[in-house]
Number of protein chains: 2
Amino acid sequence: METFAALADPTRVGIVEALAGRARTVSEIVELFDVSQPAISRHLRVLREAGLVRAQVDGRRRIYHLEPQPLREIDRWLERYRRFWARKLRSLEAHLEEG
Amino acid sequence: METFAALADPTRVGIVEALAGRARTVSEIVELFDVSQPAISRHLRVLREAGLVRAQVDGRRRIYHLEPQPLREIDRWLERYRRFWARKLRSLEAHLEEG
DNA sequence: TGAATATATAACGTATAGCGAATATATTGA
DNA sequence: TCAATATATTCGCTATACGTTATATATTCA
């Protein structure tokens, strides 16, 4: 899953979180982080290639939007593991009742 | 989230998936992939440090188990984004009805 | 005890990631 | 048209990731 690699960098996770609030231009995103504009553009490229964001061209600006599909795929991947923590919770409960 | 970085490598995702079936020794895991035993041990270390697996010592063997907690944190992180794809689905439905 | 087994670590090479500075490419507006 | 603005790309650097081979550390068992 390329999505995990795209989210492996904390700045990129921050960008995704910022775009969850609302769409933003590159300049707006640059203001949020303590890295240069080229570095942000590179992060945006990685996110774009992973399908996590989309750029809407508006004159000389690019308005970046969140694309939830890859996150949804992670959600589906996690399905298999939900029973694991359900089991953990049950055994924790059993332990508490017993103690 | 360190978990994303731990899952950024396909071999490590494969190990997590294998351990979802059942706990396994290092040798068993090595058999599943086309990389050397030291490479697997390194991947296991990354997964261990991210809290995704736990090693139970059994003589000279280590039995690796899945630890679901970090995956559960991803699940909770995704919570915020669920409304995004719900919205997308609604607008898709609206589009279909209209068309 | 000593050979075999299971796993981890060390050492080293190469590829890739991430950064800033400089530069290229559009686009806007005076 | 030309300067300013917005963004992307290139370049060069350093750090880190991942792989293999070699080796270290336990542990088992004949």
Side-chain angles (χ1 to χ4, degrees), chain A residues 1-67 70-71 74, chain B residues 1-67 70-71 74:
Chain A
M1 197 129 42
E2 187 190 1
T3 312
F4 286 132
L7 296 173
D9 181 275
T11 300
R12 288 198 292 268
V13 172
I15 292 173
V16 166
E17 288 173 346
L19 296 183
R22 59 176 174 82
R24 295 173 200 257
T25 65
V26 176
S27 316
E28 286 173 335
I29 296 168
V30 168
E31 283 172 17
L32 300 175
F33 302 93
D34 196 29
V35 292
S36 65
Q37 174 267 314
I40 293 295
S41 279
R42 277 177 133 285
H43 283 310
L44 287 170
R45 164 140 71 143
V46 174
L47 291 171
R48 240 188 297 124
E49 288 174 355
L52 277 159
V53 304
R54 168 178 46 92
Q56 173 188 339
V57 177
D58 171 40
R60 56 190 155 177
R61 302 190 178 168
R62 311 286 165 101
I63 304 175
Y64 276 85
H65 299 256
L66 187 64
E67 281 288 344
L71 296 178
I74 291 181
Chain B
M1 197 132 37
E2 188 191 3
T3 312
F4 286 131
L7 296 173
D9 181 276
T11 301
R12 288 198 292 269
V13 172
I15 292 173
V16 166
E17 288 173 346
L19 296 183
R22 58 175 174 82
R24 294 174 200 256
T25 65
V26 176
S27 316
E28 285 172 335
I29 296 168
V30 168
E31 283 171 19
L32 300 176
F33 302 93
D34 197 28
V35 293
S36 63
Q37 173 267 314
I40 293 295
S41 279
R42 274 174 135 286
H43 284 309
L44 288 170
R45 164 139 72 146
V46 174
L47 291 171
R48 241 188 296 125
E49 287 172 356
L52 278 160
V53 304
R54 168 178 45 91
Q56 174 188 338
V57 177
D58 171 40
R60 56 189 155 173
R61 304 191 176 166
R62 310 287 166 99
I63 303 175
Y64 276 85
H65 300 255
L66 186 64
E67 281 288 344
L71 296 178
I74 291 181

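Atoms considered below: every heavy atom in the structure, side chains included; atoms not considered: hydrogens, waters and symmetry mates. Numbers restart at 1 for each chain; the letters A, B, ... are given by sequence-line order, proteins then strands.
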**OP:** Using a cut-off of strictly less than 4.0 Å, decide whether B/Y64 has a side-chain nitrogen or oxygen near OP1 or OP2 of C/dA6.
**Re:**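 Answer is no, no contact under 4.0 Å.
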**OP:** May I ask you to evaluate whether B/H43 reaches the phosphate of D/dA17, defined as a side-chain N or O under 4.0 Å from OP1 or OP2?
**Re:**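 It does not, given that no N or O in the side chain of B/H43 lies less than 4.0 Å from OP1 or OP2 of D/dA17.
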Original post:
For B/R61, does the CZ atom sit with more than 12 other heavy atoms under 6.0 Å from it, leaving out its own atoms?
Top reply: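 Atom CZ in B/R61 is not packed in, count stays at 12 or less.
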Original post:
Quick one: side chain to side chain donor-acceptor pair (under 3.5 Å) partners of A/E31, sequence neighbours excluded?
Top reply: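 None.
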Original post:
Which residues, if any, of residues 11-33 of chain A bring a heavy atom under 4.0 Å of DNA chain C?
Top reply: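 The answer is A/R12.
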Original post:
For residues 45-60 of chain A, which residues have at least one heavy atom under 4.0 Å from DNA chain C?
Top reply: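 Under 4.0 Å from DNA chain C: A/G59, A/R60.
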Once you round it to whole Å, what is the distance between [atom2] of [N] and [atom1] of [X]?
X: B/I63; N: C/dT7; atom1: CD1; atom2: C1'; result: 13 Å
X: B/R61; N: D/dT27; atom1: CZ; atom2: C1'; result: 11 Å
X: A/I40; N: C/dA21; atom1: CD1; atom2: P; result: 14 Å

Subject >> Pairwise salt bridge (charged side-chain N to carboxylate O under 4.0 Å, His left out) hits with a residue in residues 9-28 of chain B, at least two apart >> reply: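 Checked against salt bridge (charged side-chain N to carboxylate O under 4.0 Å, His left out) - neighbours excluded - the pairs reaching residues 9-28 of chain B are B/R22-B/E28.
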**OP:** Taking side-chain contact (heavy atoms from CB on, under 4.5 Å) as the test, write out the residues that go with B/P70, two or more places apart.
**Re:**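 B/P70: side-chain contact (heavy atoms from CB on, under 4.5 Å) contacts with B/T3, B/L52.
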Subject >> Closest to the A/R62 side chain, choosing from C/dG18, C/dT7, D/dA8 >> reply: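 Nearest nucleotide to the side chain: D/dA8.
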Where is the tightest heavy-atom contact between [X] and [Y], given as atom of each residue plus distance?
X: A/V30; Y: A/Q37; value: CG2-CA, 3.8 Å
X: B/Y64; Y: B/V53; value: CD2-CG2, 3.7 Å
X: B/R62; Y: B/A55; value: CB-CB, 4.3 Å
X: B/A20; Y: B/L66; value: CA-CD2, 4.1 Å
X: B/A8; Y: A/A5; value: CB-CA, 3.7 Å

Detail all sub-3.5 Å separations between protein N/O atoms and N/O atoms belonging to nucleotides 20-25 of chain D.
residue, atom, partner, partner atom, Å
D/dT20, OP2, B/S36, N, 3.1
D/dT20, OP2, B/S36, OG, 2.8

Original post:
How long is the span from the CG atom in A/L19 to the CG atom in A/L44, to the nearest 0.5 Å?
Top reply: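 A/L19 atom CG to A/L44 atom CG measures 7.5 Å (nearest 0.5 Å).
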Original post:
Under the side-chain contact (heavy atoms from CB on, under 4.5 Å) criterion, do B/L7 and A/L7 qualify, and how do the steps go?
Top reply: CA-CA 10 Å; B/L7 296 173; A/L7 296 173; over 6 Å; no
